[in-house]
Amino acid sequence: MKHIIEEESKYAASAKAFRANVTRDLGNEELRSNFRGAMDYLMDKRKGAFSSEEELEVLREQCKLIKQRCLAKLPHLLEQLEGNLEKNGIKVHWAETITEANEIIAQLIAQKKGKSVVKGKSMVSEETALNDYLEERNVECLESDMGEYIVQLAKEHPSHIIMPAIHQNKKQVAKLFADNIEGFEYSTDVDTLIQQGREVLRNKFCQADVGISGVNFAVAETGTLCLVENEGNGRMCTTIPDLHIAITGIEKVIEHLADVPPLLSLLTRSATGQAISTYFNMINSPRKPGEKDGPQEVHLVLLDNGRSQAFADEELRQTLQCIRCGACMNHCPVYTRIGGHAYGTVYPGPIGKMISPHMLGLEATTNLPTASTLCGACGEVCPVKIPIPKILLRLRQESVKPKSQQPEVMKGQGAGRNNVEALIWKVWAQVHKSPKFYALSMWGLTRFRFLMPKKLGGWTSVRTAPKPAAATLHERINAKQKKAKQEKQSQHGRG
Amino acid sequence: MTNTKADIKAVSNTARGNILAKLKAEVNGADYDKLPKEIPYDYPEFSREENLAQFISELEKNHAQVIKTTKDNMAEVISEQLAALNITKLLYGDNDAHREIINALNSKIESQVYDFSIDNNKEMLFNECPAALSSSRCSIAATGSIVLWPDENEPRSLSLVPPVHFVIVDANKLHADFASLITAQQWQDKLPTNVVLISGPSKTADIQQTLAYGAHGPKALIVLLINI
Amino acid sequence: MQQLNTQHLRDYPKKPKQVYLFGTCIVDSFFPDTGMDAIELLEREGIEVIYPQGQSCCGQPAYNSGYKDEAKAVAMSQVKQFPLDIPVVVVSGSCGGMMRHHYLDLLGDDPEINNFCQRVFEFTEFLVHVLRLKPIDQGPKERVALHTSCAARREMGVHITGNKLISQLANVELVIHDYESECCGFGGTFAVKHADISAAMVADKSKHLVATDVVRYVSADHGCMMNINGALDYQKQSLRGEHIASYLLNRIKGNSSKGSL
Ligand code: SF4
């Protein structure tokens with residue numbers, strides 16, 4: 001038997017280039033205004049989607065507990081899901097790595113002699129870089145979500161998990177279509193653009209022999225694959241071709257069908273402010289005898305890719321509560337400034353900072369957990385109440401702890417450790433935990449304030465440097481108390 | 001690239017074993033009775049009228065056309081709508097109620113029953129079926145959603161491929177919200193091949209957050225609301 | 001696990017005779033006037049303020065950089081400085097959030113730590129909810145903006161109290177700036193490690209504050225103000241921020257405010 005040779009995710013390199021990516025994208029005015037506009041729109045939509053703060057909070061608490069319960073039972077639910085799917089006629093495959101997942105899918109397609117694939121939106125297939133893998137094996141893979149289609153035409157990656165082409169404005173899309181679609185006459189009218197995309201893609205749906213989709217919720221109790229979408233391309237991919245392959249992360253399993261409504265409601269409202277998506281598609285089996293459409297075969301690929309590592313730590317496990325709504329990125333001031341591509345990872349924004357280190361290791365992602373002010377805007381809106389800032393803090397700890405320290409919680413632990421920095425913090429702690437040392441250092445800082453440099457690295461490229469006071473608060477209070485005491489004594493003496 | 005292929009069954013089995021073992025090691029001995037209680041939001045109860053109003057308003061917000069009509073009038077309404085859209089052909093799911101409507105349609109309208117397998121008829125379905133008529137199982141007021149429960153007589157693509165979708169919705173089968181519907185009908189006991197909730201014509205805001213209708217599915221959703 | 005949105009709901013004690021003041025390391029070395037003004041304001045309300053000379057820093061800089069052990073050592077040393085069962089008033093929402101919420105996580109949930117955390121109050125929170133201060137405004141008519149730090153807003157939930165205090169000033173009009181709840185881009189070591197992103201953020205924050213056309217903006221956090229004022233100064237803008245303790249004191253005393261940099 002031939003073993004699978006694991007390929008490194010292409011995202012490892014781009015994530016490592018985070019600093020350079022940031023410099024590139026911060027300087028792109030058009031990109032920045034595209035993101036600001038889009039984020040304003042999405043924040044506004046979400047705000048209008050809840051009848052009251054109370055409704056939102058009760059739902060968030062409920063959904064958090066649902067996801068925590070499902071995670072607490074995760075291995076059992078996965079087994080139950082598998083059992084019920086198989087009973088329904090859906091084949092289940094497991095993959096620990098992205099290459100395993102890709103190879104499984106490639107072979108399923110090959111077995112059916114598939115040549116042409118249409119894909120519904122699936123971030124997990126982006127994670128595995130499935131398109132590249134299939135194309136190398138001469139299978140044509142067409143993205144059918146409008147945003148994904150645009151991104152694919154532009155030879156880019158999604159910059160947002162819900163709205164993949166959010167970094168482009170309509171002028172850019174118009175140019176892209178004009179350059180790539182034969183017979184398309186340049187127009188910035190969005191309806192015209194969408195109709196053009198519709199025409200191209202409907203032809204493909206009609207011809208494709210394989211449909212690939214993601215999964216939003218996999219219900220263990222019934223063996224149901226749920227898909228949330230507006231465009232209808234997800235339904236096309238899962239209804240028209242003969243073979244449907246769904247791929248998802250192991251954390252997407254939920255226990256009961258009754259868990260779906262609250263999660264669905266928070267998902268769509270948090271994502272785009274919609275009470276519900278246009279389509280909520282629940283797939284339970286392949287085509288049954290007598291039925292006139294639907295795929296003859298349905299497969300589900302369950303992917304780990306670092307998720308079990310997050311699972312093994314109780315705090316980090318909360319990362320897996322995520323239902324991929326994108327609200328954290330919509331509200332993130334860093335994401336709004338640098339956009340989705342700068343992260344270099346499949347999942348950008350706060351969720352990406354939390355999950356990518358498990359997928360790519362901390363070596364490739366050291367810059368992600370630190371690229372946050374910990375302002376908490378993400379945690380405030382997260383529908384499943386993941387304490388995102390806390391998890392970022394935890395990742396920072398894992399990143400700077402000694403490489404050899406046990407237990408090893410994460411791949412690449414200690415990758416961000418710098419001995420000079422570590423020493424500085426040691427000294428800092430010595431100074432600040434000892435009142436004497438602290439007083440001495442403050443005395444020095446204030447007395448020698450004229451020595452304070454006028455330039456402080458990046459700080460002073462846009463700001464002036466702060467000036468230490470002439471005397472510290474400690475000293476001023478001391479002096480004040482002394483004075484008060486003297487006054488009291490002299491009064492006493494006179495009296 | 002691999003010349004000899006890895007055995008994906010073996011790969012999957014090994015992966016399965018490893019993943020489950022890792023996960024189980026973490027939750028071994030967990031006491032699931034001790035999980036905190038989950039409390040759903042207590043929505044106020046609405047009257048039938050309020051639910052209906054909510055249902056219609058949500059659908060209309062999402063650009064669906066809602067036409068209040070009656071069983072006897074449906075053929076006329078559909079005929080009018082098709083004429084207005086310049087459509088002369090209607091695909092329909094095979095059941096008695098539909099046949100009755102079809103028989104009463106304006107004679108200029110050609111009708112076709114969906115009694116063929118999709119396999120050799122994709123081109124026809126995609127290119128020669130401008131409109132479709134389907135029934136629905138029930139509907140949901142809170143989100144303006146129509147529940148379709150496709151079967152051999154009403155295939156899944158009936159409500160998906162033709163650009164105009166007429167759907168008959170019985171006001172007596174309106175439920176307040178998705179959660180109460182699932183519980184009331186005990187969905188977990190028996191689900192068909194596919195269930196779909198439809199809440200408007202297909203749409204996208206993928207280009208500069210500008211909403212456009214008719215992405216890949218129907219461009220128009222026309223709801224024939226009966227038994228009001 | 002703490003829950004961001006509800007964790008600031010708490011029961012408030014009656015007005016005490018004594019309080020501790022936690023000055024924060026930034027105020028200690030850069031803005032001692034703020035500390036002095038806070039004390040004067042509290043003393044005017046008849047409260048004795050104890051300032052333990054052994055205090056230094058809440059430990060947040062190390063904590064936020066991932067150096068948990070170092071943060072822990074400093075945090076523990078601070079808890080020991082405030083043994084009496086009286087409120088610890090902190091003139092920063094950010095340090096307040098650290099001491100009120102993160103200490104539990106850092107130092108373990110034992111009774112002493114828990115008791116300490118329960119006693120921590122952010123300055124404006126203390127004025128509004130414990131002192132029930134109704135400031136009598138003696139200052140001239142003016143318009144100000146208010147910037148609330150992210151920790152004050154999201155960990156302590158005290159954006160409301162800052163707003164309330166300013167709104168009670170009879171001669172002051174509070175102007176809300178665009179993207180009011182958005183972070184100024186400070187984030188401690190973030191401003192150094194990711195200086196360019198931080199710069200983009202503070203550019204926007206200062207732009208939105210300047211656009212309000214006020215002469216002063218007020219904040220209860222010197223971290224943010226060091227960032228924003230530094231940027232304003234660099235841009236040669238006249239607008240400056242002033243700590244809310246100083247601002248309130250000046251309004252009550254009828255002095256005109258000065259702004260701190
Ligand atoms: S982390 Fe929370 S807010 Fe972000 S995508 Fe996941 S569920 Fe949504």
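Every chain is numbered from 1 and lettered A, B, ... according to where its sequence line falls, protein lines coming before strand lines.
Donor-acceptor pairing under 3.5 Å is recorded for the side chains of B:Thr193 and A:Lys288. For the 3.5 Å distance criterion, the side chains of A:Asn169 and B:Gln208 fail to qualify, holding no donor opposite an acceptor. A donor atom on one side chain and an acceptor atom on the other are not found under 3.5 Å apart for A:Thr222 and B:Gln188. Judged by distance alone, the side chains of A:Gln274 and B:Lys61 never bring a donor and an acceptor atom under 3.5 Å apart. The closest side-chain donor-acceptor pair between B:Tyr43 and A:Glu55 falls under 3.5 angstrom. Between the side chains of B:Ser157 and A:Arg235, not a single donor N or O lies within less than 3.5 Å of an accepting N or O.
A:Ile276 contributes atom CD1, which lies 5.0 Å from atom CG of B:Leu197 (distance to the nearest 0.5 angstrom). Rounding to the nearest 0.5 Å places CG of B:Asn153 at 5.5 Å from NZ of A:Lys292. To the nearest 0.5 angstrom, B:Tyr41 atom OH is 8.5 Å from A:Leu59 atom CG.
By the neighbour-count criterion of 12 heavy atoms within 6.0 Å, atom NZ of A:Lys73 is densely surrounded, having more than that number from other residues, nucleotides or ligands. Counting non-hydrogen atoms of other residues, nucleotides and ligands closer than 6.0 Å to CD of B:Glu50 gives a total above 12. Crowding of B:Gln186 atom CD: a count of heavy atoms from other residues, nucleotides or ligands under 6.0 Å exceeding 12.
A pairwise comparison of heavy atoms in A:Ala110 and B:Lys5 identifies CB-NZ, 3.9 Å as the closest pair. In plain terms, the two heavy atoms of B:Ala15 and A:Glu100 that are nearest each other are CB-OE1, 3.7 Å. Minimum heavy-atom separation, B:Gly217 to A:Tyr279: CA-OH, 4.1 Å. A pairwise comparison of heavy atoms in A:Ile194 and B:Ala212 identifies CG1-CB, 3.7 Å as the closest pair.
Within residues 131-152 of chain B, the residues having any heavy atom closer than 4.5 Å to a heavy atom of chain A are B:Thr143, B:Ser145, B:Glu152, listed by residue number.
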### Query
Between A:Met236 and B:Val161, does a side chain to side chain contact (heavy atoms under 4.5 Å, CB included) hold up when you go through it step by step?
CA-CA 8 Å; A:Met236 288 282 187; B:Val161 178; 4.3 Å; yes
### Message
Determine whether A:Glu79 and B:Lys24 satisfy the following criterion, salt bridge (Lys or Arg N to Asp or Glu O under 4.0 Å), listing intermediate values before the conclusion.
### Response
CA-CA 11 Å; A:Glu79 284 173 322; B:Lys24 282 184 181 168; 2.8 Å; yes
### Query
Could you go step by step and tell me if A:Gln107 and B:Lys9 meet the side-chain hydrogen bond (donor to acceptor under 3.5 Å, both in side chains) rule?
CA-CA 10 Å; A:Gln107 287 199 28; B:Lys9 226 177 173 161; over 6 Å; no
### Query
Run the salt bridge (Lys or Arg N to Asp or Glu O under 4.0 Å) check on A:Arg287 and B:Asp119 step by step: do they pass?
CA-CA 12 Å; A:Arg287 187 192 306 190; B:Asp119 297 334; 2.8 Å; yes
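Using a 4.5 Å cut-off between heavy atoms, A:Glu221 contacts chain B through its side chain alone, with no backbone atom that close. Contacts between B:Ile198 and chain A at a heavy-atom distance below 4.5 Å involve backbone atoms as well as side-chain atoms. For A:Glu314, no part lies under 4.5 angstrom from a heavy atom of chain B. With a 4.5 angstrom heavy-atom cutoff, A:Leu264 touches chain B only via side-chain atoms. For A:Arg317, the part lying under 4.5 angstrom from a heavy atom of chain B is the side chain only. Residue contact with chain B, scored on non-hydrogen atoms closer than 4.5 Å, involves the backbone and the side chain of A:Ile240 alike. With a 4.5 angstrom heavy-atom cutoff, B:Ala205 touches chain A via backbone and side-chain atoms both. For B:Ser180, no part sits under 4.5 Å from any heavy atom of chain A, backbone or side chain. Contact of A:Ile283 with chain B is made through backbone and side chain together, with heavy-atom distances under 4.5 Å. Residue A:Gln172 does not touch chain B at all, counting heavy-atom pairs closer than 4.5 Å. The contact between B:Ile182 and chain A is made entirely by side chain atoms (from C-beta outward), counting heavy-atom distances below 4.5 Å. For A:Val298, no part lies under 4.5 angstrom from a heavy atom of chain B. Of the atoms belonging to A:Phe205, heavy atoms from both backbone and side chain fall under 4.5 Å from chain B. Using a 4.5 Å cut-off between heavy atoms, A:Ala95 touches chain B through its backbone atoms (N, CA, C, O) alone. With a 4.5 Å cut-off on non-hydrogen atoms, A:His76 touches chain B through its side chain but not through its backbone. Interface remark: A:Ala106 contributes no atoms to any contact with chain B (heavy atom separation under 4.5 Å).
Counting heavy atoms from C-beta outward, A:Trp94 and B:Asn18 have side chains that stay 4.5 Å or more apart. The shortest distance between side-chain heavy atoms of B:Ile19 and A:Glu96 falls below 4.5 Å. Residues A:Leu108 and B:Ile8 form a side-chain contact, since some pair of their non-hydrogen atoms from C-beta on lies under 4.5 Å apart. At least one side-chain heavy atom of B:Tyr114 sits under 4.5 Å from a side-chain heavy atom of A:Asp293. Between B:Gln209 and A:Lys170, the closest side-chain pair of non-hydrogen atoms is not below 4.5 Å. Looking only at side-chain heavy atoms (C-beta outward), B:Leu191 and A:Thr224 come within less than 4.5 Å of each other. Within the 4.5 Å cutoff, the side chain of B:Asp206 has no heavy atoms near those of the A:Glu148 side chain. Contact check for A:Ile150 versus B:Ile207: side-chain heavy atoms found under the 4.5 Å cut-off.
Using modelled atom types, no side-chain atom of B:Glu38 and backbone atom of A:Gln62 make a donor-acceptor pair closer than 3.5 Å. Checking side-chain atoms of B:Tyr32 against main-chain N and O of A:Ala72 turns up a donor-acceptor pair under 3.5 Å. Although no hydrogens or angles enter the test, the distance criterion places a donor-acceptor pair under 3.5 Å between the side chain of A:Arg202 and the main chain of B:His216. Within the 3.5 Å criterion, the main-chain N or O of B:Pro192 finds a donor-acceptor partner in the side chain of A:Asn284. Between the side chain of B:Asn194 and the backbone N or O of A:Met282, at least one donor-acceptor pair lies under 3.5 Å. Between the side chain of A:Thr278 and the backbone N or O of B:Ser202, no donor-acceptor pair lies under 3.5 Å.
With chain A as partner, the option from B:Arg156, B:Lys122, B:Glu58 having the largest number of non-hydrogen pairs under 4.5 angstrom is B:Arg156. Ranking B:Thr204, B:Leu20, B:Val196, B:Leu160 against chain A, the residue ahead of the rest is B:Leu160, based on heavy-atom pairs under 4.5 Å. Most heavy-atom pairs under 4.5 Å with chain A, from the set B:Pro218, B:Ser199, B:Ser12, B:Ala30: that is B:Ser12. Heavy-atom pairs under 4.5 Å with chain A peak, among B:Ser117, B:Pro36, B:Gly214, at B:Gly214.
Judged by the 6.0 Å and 45° rule, B:Lys22 forms no cation-pi pair with A:Phe311.
The pair A:Glu229-B:Lys203 does not meet the salt-bridge criterion, since no charged nitrogen lies less than 4.0 angstrom from a carboxylate oxygen.
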